[in-house]
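This report concerns only the one structure given below.
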Amino acid sequence: MADNLTYKILREHLVDGELKPGAEIGIRIDQTLTQDATGTMAYLQFEAMGLDRIKTKLSVSYVDHNMLQTGFENADDHLYLQSVASNYGIHFSKPGNGICHQVHLERFSVPGWTLLGSDSHTPTSGGVGMIAIGAGGLDVAVAMGGGAFYLPCPHVVGIHLTGALLPWVTGKDVILEVLRQLTVKGGVGNIIEYHGEGVKSLTLTQRATITNMGAELGATTSIFPADENTLVYFKAQSREKDYKPLAADPGATYDKNIEIDLSKLEPMIAKPHSPDSVVKVREVAGTKAQQVCVGSCTNSSLYDLEITAAIFKGKQTHPDVNLTVTPGSKQVYKMVADSGAMATLIAAGARILESACGPCIGMGQAPASGSVSVRSFNRNFEGRSGTKDSYVYLASPETCAATALTGVITDPRDLGVPPVVHLPEKFYIDDRGIIPPAKEGERSKILRGPNIKPLPTRGTMPDGLSGKALLKLGDNISTDHIMPAGAKILPLRSNVPAISEFVFFYVDQTFARRAKDAGSCAVIGGENYGQGSSREHAALAPMYLGLQFVLTKSFARIHKSNLVNFGILPLTFVNAADYDRLKQDDQLEIPNVRASLQKGNRVTIKNVTQGYDLEAQFDLSSRQVRILLAGGLLNFTKAGEK
Ligand code: MIC
Ligand code: SF4
């Protein structure tokens, strides 16, 4: 049987179910990663499982998000993470060592293995041929304990690449083109596999940019074959031993096929406020920009910074533009310092930031009111930058640099012949920022500062649910809308009672108060509800506020499973017209919900306020139903269920 690469790896890791698109499967997880903003909860959950040590081949805990340390909270979390890692067999990547995805790609990625990460951009490592999936922290905790990761068996979309990119056209432009074609919900339920002659022409870091931002498609993950270019990268990292060539079997087929001729692409840009609002840079060229940011896990590799510096050689940023540059890892930072690229950037007037997520998640560098910020990042949801009325565009580092030079959005092809960047064959390797765990059996104190509050839990699901529909929302609500991040709110990730005050804060500041007054509540949404990040706080904090069920037109993958993991019922409309009829503040009831969940795939919702019944459906595996009945995945796992 000719398998595509995705199915080859899934088949090797399959522990439950059958590889039939749509059916639930369980896969063995080789590696996990967490970052600090999702990690504290993941490790509190891991601790609650009562195991001695992780059972994965490797688990790494990174610190890269909560790095501002404007109070004690972040530092407390870092100490907790380091101490818990040491005790349970987990490697700890210190603050300053880099953004989790960049560091993982450099130092730990392995072709053919599986990686589960509590961050939606975990697919970055798909660039080397891993099945690397983003999930909620609780799923990652279960995987660290040796449990399988359950997911609907994906359809595989084959993107057949031909040709080679023209000068000034980049991996970022490829994924922006894919987003233009497929949209932010086009990848739901799919793994995107790149194949064909054109693959050869893409460097490893270009591939990683493409798989990273595949998260914005809502895809389960994205993957490239492992080939000569992968080997070049592994050699540079002195990790040849981890390399093995991998590709789809000859004659393998895909559930859907897309053709992209790389030589036909040109520089692309995503307009505010969605990563799929993609147009050619040319179409918005001339728009005045006030800020330009190069960095984030999408585009902060050595090449990205070297090319940015090369564009600025002997030149200055435009007087009206603030340019920030973030090296993705300590490796990149040290190498741009040694090569002189950093000196060029400093001379050009760039603000060099520490190696962290920073402005990508609104941790500093919020743009001015009403201004335009052009970023090499992957998300531009409204308000995510920290300034609600800013206009964030997403483009390649090359387009960013051209824009910072001229002060207006600029197609980099207008700069003439591109500078040539030579990367060294061997990269700087220094893993001292990654602290190995204590030996098995050696225990030390786990440090819990006052910011770390116990994890709230939910009891088993009652016989009936009821709640006021506190919000009626439109399409594509992101987890940044549900549980915003940014400098004020992100440090509260370890304190659910405190962070819950900010649920839907920028949508409706009265939400948390109204939820508490109501005691139990529901939310109504449109298509692709919960797109974006893997943050389980977008389920956990609403659960704490009494959210019982969410009724939408459709859900994004990770958020839907986070809702289930925390005992919140995800429902979709049977008749689209019911969405229009429902009103905010309607009192809704689902009598006999336990019985309905165990029977079919529908529930009847009573609209008590308007006096009518409507049908809703649930697309859940029998395992997910059992999780919901148990009141969430933690209760389910503690009870020894699988
Ligand atoms: C993001 O890019 O939105 C984040 C912040 O990295 C999130 C994780 C989080 O909210 O902690 C993600 O992508 O999953
Ligand atoms: Fe960090 Fe931004 Fe990447 Fe999320 S998308 S991991 S916030 S750099």
Side-chain angles (χ1 to χ4, degrees), residues 33-42 61-68 74 77 81 93 95 98-105 116-125 132-137 139-140 175 184 208-209 211-216 218 221 275 293-301 304 324 326-329 332 353-365 375-381 383-386 392 394 478-487 489-494 499 502 530-541 556-559 561-562:
L33 73 76
T34 56
Q35 40 88 342
D36 52 323
T38 53
T40 40
M41 281 299 146
S61 168
Y62 294 91
V63 177
D64 54 4
H65 281 65
N66 257 320
M67 301 268 288
L68 275 183
N74 297 169
D77 287 359
L81 290 168
S93 174
I99 306 176
C100 55
H101 310 302
Q102 175 68 23
V103 179
H104 207 87
L105 185 76
L116 193 71
S118 63
D119 191 282
S120 65
H121 291 104
T122 303
T124 313
S125 286
I133 302 179
D139 284 318
V140 175
I175 187 61
V184 287
T209 295
T211 57
N212 170 290
M213 206 172 168
E216 274 50 72
T221 188
C293 302
V294 175
S296 96
C297 58
T298 329
N299 277 115
S300 57
S301 69
D304 291 331
T324 72
T326 308
S329 66
V332 175
L353 306 182
E354 67 173 326
S355 195
C357 300
C360 178
I361 190 59
M363 295 300 273
Q365 320 303 325
R375 303 172 161 207
S376 73
F377 304 172
N378 48 32
R379 289 191 174 139
N380 59 348
F381 304 134
R384 180 175 161 102
S385 65
V392 176
L394 308 171
S478 74
T479 52
D480 279 298
H481 291 108
I482 304 170
M483 185 72 262
I489 307 174
L490 202 64
L492 302 174
R493 284 284 180 94
S494 311
I499 206 170
F502 295 95
Q531 70 161 329
S533 86
S534 69
R535 66 189 69 150
E536 58 193 0
H537 294 75
L540 182 51
R557 172 186 66 91
I558 309 179
H559 185 60
S561 61
N562 280 338

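Counting starts at 1 for both ligands and their atoms, following the listed order. What you see is a predicted model; the values in this text were computed from it and never measured.
- Per-residue contacts place H65 under 4.0 angstrom from the following atoms of ligand 2 (heavy atoms of the residue considered): 1 (Fe), 4 (Fe), 6 (S), 7 (S).
- Using a 3.5 Å distance cut-off with no hydrogens or angles, the side chains of N378 and N212 do pair a donor with an acceptor.
- There is a side-chain donor-acceptor pair under 3.5 Å between H104 and Y62.
- Residues L490 and A37 approach most closely at CD1-CB, 4.0 Å, considering heavy atoms.
- Only the side chain of N378 comes within 4.0 Å of ligand 2, counting heavy atoms alone; its backbone N, CA, C and O stay farther away.
- Not a single N/O/S atom of C357, whether from backbone or side chain, sits less than 2.8 Å from atom 2 (Fe) of ligand 2.
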Should N66 and M363 be marked as a side chain to side chain contact (heavy atoms under 4.5 Å, CB included) after you check the CA-CA gap, both sets of side-chain angles, and the distance that decides it?
CA-CA 8 Å; N66 257 320; M363 295 300 273; 3.4 Å; yes
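- Protein heavy atom in closest approach to atom 8 (S) of ligand 2: C297 N, 3.3 Å.
- The distance from ligand 1 to the heavy atoms of R379 drops below 4.0 Å at these ligand atoms: 1 (C), 2 (O), 3 (O), 12 (C), 13 (O).
- A donor-acceptor pair shorter than 3.5 Å cannot be found between the side chains of Q35 and D64.
- No side-chain N or O of S534 forms a donor-acceptor pair with one of D119 less than 3.5 Å apart.
- Nearest non-hydrogen protein atom to atom 10 (O) of ligand 1 is R535 NE, 2.6 Å.
- P123 is not listed as a side-chain neighbour of M213, based on a closest heavy-atom distance of 4.5 Å or more.
- Listed by atom number, the atoms of ligand 1 under 4.0 Å from A37 heavy atoms are 11 (O).
- Between M483, H65, M41, H121, it is H65 that holds the heavy atom closest to atom 4 (C) of ligand 1.
- Only the side chain of I361 comes within 4.0 Å of ligand 1, judged by heavy-atom distances.
- Near D119, meaning under 4.0 Å from any of its heavy atoms, are these atoms of ligand 2: 6 (S).
- Within ligand 1, counting atoms from 1 as listed, the ones closer than 4.0 Å to a heavy atom of S534 are 12 (C), 14 (O).
- At the shortest separation from atom 11 (O) of ligand 1 among protein heavy atoms lies R493 NH1, 2.8 Å.
- Side-chain atoms of T479 and S533 include a donor-acceptor pair closer than 3.5 Å.
- S120 and R557 form no side-chain donor-acceptor contact under 3.5 Å, judged by distance and modelled atom types alone.
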Worked check of side chain to side chain contact (heavy atoms under 4.5 Å, CB included) between E354 and M67:
CA-CA 9 Å; E354 67 173 326; M67 301 268 288; 3.4 Å; yes
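- Here the shortest heavy-atom pairing between S301 and Q102 reads CA-NE2, 4.0 Å.
- Contact annotation for H101 and ligand 2: only side-chain heavy atoms (C-beta onward) come within less than 4.0 Å of the ligand.
- The residue among M213, H121, R375, Q35 with a heavy atom at the shortest distance from atom 5 (S) of ligand 2 is H121.
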Start with the C-alpha gap between V63 and L81, add the side-chain angles, then the distance that decides, and say whether side chain to side chain contact (heavy atoms under 4.5 Å, CB included) holds.
CA-CA 9 Å; V63 177; L81 290 168; 4.2 Å; yes
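- The protein atom (non-hydrogen) at minimum distance from atom 8 (C) of ligand 1 is Q35 NE2, 3.2 Å.
- Between H481 and F381, the angle of the ring planes lies from 30° to 60°, which puts this pair in the tilted group.
- Residue T38 approaches ligand 1 through these ligand atoms, each under 4.0 Å from one of its heavy atoms: 9 (C), 11 (O).
- When hydrogens are left out, the protein atom nearest atom 13 (O) of ligand 1 is S120 OG, 2.6 Å; that is the closest non-hydrogen contact.
- When hydrogens are left out, the protein atom nearest atom 7 (C) of ligand 1 is S533 CB, 3.2 Å; that is the closest non-hydrogen contact.
- Atoms of ligand 2 lying under 4.0 Å from at least one heavy atom of C360, given by number and element, are 2 (Fe), 5 (S), 7 (S), 8 (S).
- In R384, the part holding a heavy atom less than 4.0 Å from any atom of ligand 1 is the side chain.
- The contact set between ligand 1 and D119, taken as ligand atoms under 4.0 Å from a residue heavy atom, comprises 4 (C), 6 (O), 7 (C), 8 (C), 12 (C), 13 (O), 14 (O).
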